[in-house]
Amino acid sequence: MLYTVFGYLIFVALIVLVAKSLDRNPWIWGGLAVLTTSITISLGFSILFLSSFIPTAIFGIFTSIAMIFAMIGVLLVLPSLLILVKNDN
């Protein structure tokens with residue numbers, strides 16, 4: 001439990017340092033929000049891997065992987081699709 005708390009504190013400190021170095025571009029802040037949320041949720045579900053009940057452990061790992069893929073989709077695929085749709089009109 002203590003390692004998890006320190007991990008989150010280090011993660012939040014890193015996000016604050018990165019956020020201070022960025023300008024006020026809303027696209028960057030939106031991407032940072034998606035990145036922070038996805039990583040936090042993935043770390044939360046990955047804790048389930050420590051469960052002795054195998055289905056719960058598998059659920060935690062697969063949910064963490066799904067969140068990472070969803071983050072990649074939102075940050076990379078969605079903007080590309082929006083550009084393609086905008087260019088068609």
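Thr63 OG1 to Ile65 CD1: the interatomic distance, rounded to the nearest 0.5 Å, is 9.0 Å. To the nearest 0.5 angstrom, Leu43 atom CG is 11.0 Å from Ser38 atom OG.
Leu76 and Ile39 fall within a single hydrophobic cluster, where Ile, Leu, Val, Met, Phe, Trp and Tyr side chains are chained together by heavy-atom contacts under 4.5 Å. Cluster membership check: Phe49 shares its hydrophobic cluster with Phe69, using side-chain heavy-atom separations under 4.5 Å among Ile, Leu, Val, Met, Phe, Trp and Tyr. Note on Leu35: it clusters hydrophobically with Val74, by side-chain heavy-atom contacts below 4.5 Å among ILVMFWY residues. Note on Val34: it clusters hydrophobically with Ile72, by side-chain heavy-atom contacts below 4.5 Å among ILVMFWY residues.
Minimum heavy-atom separation, Leu48 to Gly60: CB-CA, 3.8 Å.
Without hydrogens or angle criteria, Ser46 side chain to Ser64 main chain gives no donor-acceptor distance under 3.5 Å.
Residue Ile58 is tested with Thr56, Ile54, Ile61 for a side-chain contact (heavy atoms from CB on, under 4.5 Å); the sole match is Ile54.
Phe45 is not listed as a side-chain neighbour of Phe62, based on a closest heavy-atom distance of 4.5 Å or more.
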